[in-house]
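These notes concern the structure reproduced below.
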Amino acid sequence: MEFNIWVIVICSLLLAFLVYQETKRKNRHWLAWRLVASAILVLCLVFMAIPITLSTKTRQKKGTLNLLTDGFMKDSLATIKDHPYYTDPSLHRNLRQKATFIPDLAYYLLDHPDIKKIKIYGNGLGQDDLRKLKNLQLTFYPAEKPQGIVACNWNGRLKEEETLNVQGTYNNLLSTAIQLKLIGFGSSLDSIKIPAHSLEKFDLKHQVRQKGKALLQLVALHGKDTLAKETIPVQTSPKTPLNLLMLTSFPGFEYKFLKNWLYENQYPLALRSQISKNKYSIDFLNRKGMKLDQIQSAILEKEDVLLLDQQTLESLSSTEKQAITQAITKGLGLVIWADHTTSADPLLKKFKLNQPLKEEKSLDLSLFNSQSKLSSLAINQVLYIGNLPDQQELINHKQQQIISAQQLYGRGKIIVTTLQSSYQWLLSGHQKDYASYWSELINAAARKQNPSLLFQTNNAFPSVAQQLTFTIEMPTAAIPTVKYDQKHLAVKQHLLFPNRWQAQSWPLSTGWNVLNIDRFNIDFFVFGKKDWKSINAIETIQNNINYSKTNPTNMQNGQEISNTIKKELSTWWFLIAFILSVGFLWLENRIYAQN
């Protein structure tokens with residue numbers, strides 16, 4: 001109020017000064033017009049400093065509030081008969097002359113207890129605002145599915161050399177195709193084309209060899225224009241060394257090349273190869289030695305994967321077979337090279353081994369889980385695995401015939417492979433394909449390690465300043481000490497699982513954040529409010545749809561009431577009048593000077 005008084009006083013003094021100057025002027029021919037121009041000039045200064053509000057009356061149904069949110073269609077304004085409102089400040093530029101801004105929805109509802117029904121247009125309200133609509137009926141008019149990445153997920157916590165899979169859905173509303181790229185480590189890692197006017201699924205892959213934390217980019221390109229650029233945070237930890245035990249019936253090429261590859265890749269390997277009856281060649285690579293004359297349970301307890309050929313499996317004693325069977329039920333992984341269709345061993349009889357209907361001179365293999373294709377092998381494959389409902393294929397030929405398959409057996413797995421000459425990849429210079437093949441088999445069979453701590457968040461896209469719930473699973477039921485941002489967080493125990501706990505916080509900074517659990521640091525990534533806008537819009541729309549379904553909308557139409565809406569008159573009008581007044585005074589003074 002004091003500001004307005006000072007503005008009026010100063011402008012009054014200015015007007016008095018201008019009137020005095022005009023009356024003292026020698027040429028008084030245009031005196032009246034100059035006085036009017038001076039008065040308009042000063043009034044414009046007053047109204048630019050003190051905004052003028054105009055009151056207009058609108059009609060709307062009693063008890064109904066029309067709310068516009070981000071994503072609303074501009075054409076829908078013409079169809080809304082009642083006066084609209086909005087709560088998002090970012091919409092102010094487009095709606096300040098067409099709708100009324102509500103700074104605080106909860107306060108507005110308390111101040112207007114007659115409102116019983118809310119109509120929402122656009123993407124809808126956030127979770128916090130929806131909680132404020134208790135006992136109110138909601139009718140939701142959702143926006144159309146937005147352009148861009150509308151769904152996405154990836155395995156953000158990886159082991160070294162594990163494959164990153166970025167999967168999702170892209171909604172392309174353009175009339176031309178766009179390109180979706182996975183970019184990181186200074187290069188383009190994978191890409192896919194999204195056709196025009198399509199809702200297309202994508203699956204981008206990359207085998208991560210770097211250790212530690214990294215930020216990749218998922219970029220949508222339309223020619224040289226960047227339509228979207230989203231962050232893909234990943235964490236890569238060193239792979240745990242796997243203890244391998246390999247038993248072979250003779251020292252062939254397949255086992256010789258595999259032995260060298262395992263040694264070069266730092267696998268702790270114990271190898272027993274039969275030379276003659278009851279005579280073996282024993283090697284220990286990257287590990288200490290032990291007795292391998294008799295395979296016993298004490299030996300197998302320390303191993304993660306057992307590799308052997310079909311002939312060795314069938315020649316083992318009943319005591320050794322029993323020890324292997326018990327070890328598999330406790331988590332040991334078994335990989336068997338099968339070379340003929342008939343076998344009396346109960347472990348191998350679980351798999352249906354068939355000879356091919358026609359002879360093929362080359363193999364075109366692909367990894368089933370990642371759909372990665374391997375280089376062709378110029379060999380004649382004589383054995384395939386039949387498809388059974390309790391088994392899962394790992395590697396196939398032309399996506400039809402199975403080369404390798406796995407089956408659960410207790411806590412462990414049994415894997416059978418019929419490829420006898422994988423070393424041909426190394427001889428032809430395809431070391432990467434050889435590594436992918438054996439990494440797939442060994443990692444699939446490996447004994448699963450029980451992690452000491454499991455951690456996850458309730459939101460796949462944690463955002464700054466939004467509530468985030470941490471779920472922590474401990475090895476025991478002891479109360480964990482949880483700290484975030486140097487502050488202790490209260491934990492709540494699960495009712496059914498005593499070793500599972502929950503904690504809540506509100507991240508204040510974007511980027512990598514650290515949660516400390518019993519002095520063990522866990523990194524998680526927090527996105528900005530402008531990240532993943534399309535996915536957030538889809539989630540918000542779904543939340544509003546779910547909320548509207550739980551609240552009946554069969555409210556009877558109320559009678560119309562008259563509301564008084566106050567709007568500020570645009571200061572541009574006064575600026576134009578100010579410029580015209582100054583222009584007139586300057587021009588008239590120039591004409592007088594010439595005369």
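Heavy-atom basis, side chains included; hydrogens, waters and symmetry copies ignored.
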For [X] against [Y], the heavy-atom pair lying closest together:
| X | Y | answer |
| --- | --- | --- |
| T540 | L125 | CG2-O, 3.5 Å |
| V305 | A446 | CG2-CA, 3.6 Å |
| L68 | A99 | CD1-CB, 4.4 Å |
| N165 | N155 | N-OD1, 2.9 Å |
| P268 | N243 | CB-OD1, 3.3 Å |
| Y437 | S404 | OH-OG, 4.1 Å |

Sequence neighbours excluded, which residues qualify as salt bridge (Lys or Arg N to Asp or Glu O under 4.0 Å) partners of K132? D129

Take I149 and T169 through the test side chain to side chain contact (heavy atoms under 4.5 Å, CB included) and record every step on the way to the result. CA-CA 6 Å; I149 304 167; T169 306; over 6 Å; no

Under 3.5 Å, is there a donor-acceptor pair between the [X] and [Y] side chains?
| X | Y | value |
| --- | --- | --- |
| E200 | N172 | no |
| Q504 | Q467 | yes |
| T100 | H83 | yes |

Does the side chain to side chain contact (heavy atoms under 4.5 Å, CB included) test come out yes or no for I541 and N544, once each step is laid out? CA-CA 5 Å; I541 289 174; N544 282 257; over 6 Å; no

So, the side chain of [X] versus the backbone of [Y]: is there a donor-acceptor pair under 3.5 Å, distance only?
| X | Y | answer |
| --- | --- | --- |
| Q493 | P498 | yes |
| S534 | Q147 | yes |
| D88 | S90 | yes |
| N458 | T469 | yes |

Please check if the distance between the ring centroids of F101 and Y86 is under 6.0 Å. yes

Please confirm whether F140 and Y547 have ring centers closer than 6.0 angstrom.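 F140 vs Y547: aromatic centres not under 6.0 Å.
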
According to the side chain to side chain donor-acceptor pair (under 3.5 Å) rule, which pairs have a member within residues 476-490, sequence neighbours left out? Y484-N513

Hey, could you give me each pair passing side chain to side chain donor-acceptor pair (under 3.5 Å) that has a residue in residues 212-237? Not counting sequence neighbours. T176-H222

Applying side chain to side chain contact (heavy atoms under 4.5 Å, CB included) between Y121 and each of T139, N66, T69, report the one that passes.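 It is N66, the one option of T139, N66, T69 that forms the side chain to side chain contact (heavy atoms under 4.5 Å, CB included) with Y121.
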
side-chain contact (heavy atoms from CB on, under 4.5 Å) partners of L454, counting only residues at least two apart: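 Scan of L454 (side-chain contact (heavy atoms from CB on, under 4.5 Å), adjacent residues dropped) gives P451, E473.
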
For a 4.5 angstrom cut-off between non-hydrogen side-chain atoms, does [X] reach [Y]?
| X | Y | value |
| --- | --- | --- |
| M474 | I517 | yes |
| N521 | L515 | no |
| S463 | K529 | yes |
| L394 | Q406 | yes |
| E162 | V208 | no |
| D203 | K205 | yes |
| T329 | R411 | no |
| I535 | C152 | yes |

Rounded distance [0.5 Å steps], [atom1] in [X] versus [atom2] in [Y]:
| X | Y | atom1 | atom2 | value |
| --- | --- | --- | --- | --- |
| L408 | D390 | CG | CG | 9.0 Å |
| N123 | Q542 | CG | CD | 12.5 Å |
| F185 | H206 | CZ | NE2 | 5.5 Å |

Is D531 salt-bridged to K533, going by a charged N under 4.0 Å from an acidic O? no

Parallel, tilted or perpendicular: which fits the ring planes of F524 and F470, with parallel below 30° and perpendicular above 60°? perpendicular

Could you please spell out the steps behind the side-chain hydrogen bond (donor to acceptor under 3.5 Å, both in side chains) verdict for N459 and T457? CA-CA 5 Å; N459 190 347; T457 58; over 6 Å; no

Is there a side chain to side chain contact (heavy atoms under 4.5 Å, CB included) between L244 and L242? Walk through the geometry before answering. CA-CA 6 Å; L244 306 182; L242 299 175; 4.2 Å; yes

Summary of ring-ring contact (aromatic ring centres under 6.0 Å, His included) pairs that have at least one residue in residues 490-516, sequence neighbours excluded: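 Qualifying pairs, neighbours excluded: H494-F497, W512-F525.
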
Can you run down the ring-ring contact (aromatic ring centres under 6.0 Å, His included) pairs that involve residues 144-164, sequence neighbours left out, and say none if there aren't any? W154-F461, W154-W532

Within a radius of less than 6.0 Å around [atom1] of [X], do more than 12 heavy atoms belonging to other residues, nucleotides or ligands occur?
| X | atom1 | answer |
| --- | --- | --- |
| Y107 | OH | no |
| F520 | CZ | no |
| I479 | CD1 | no |

Going through the checks in order, is the side chain to side chain contact (heavy atoms under 4.5 Å, CB included) test met by L138 and S548? CA-CA 5 Å; L138 186 146; S548 62; 3.5 Å; yes

Given the rule in the ring-ring contact (aromatic ring centres under 6.0 Å, His included) test, do Y85 and Y108 qualify, once you have shown the distances and angles that lead to the verdict? CA-CA 11 Å; Y85 296 78; Y108 184 86; 5.7 Å; yes

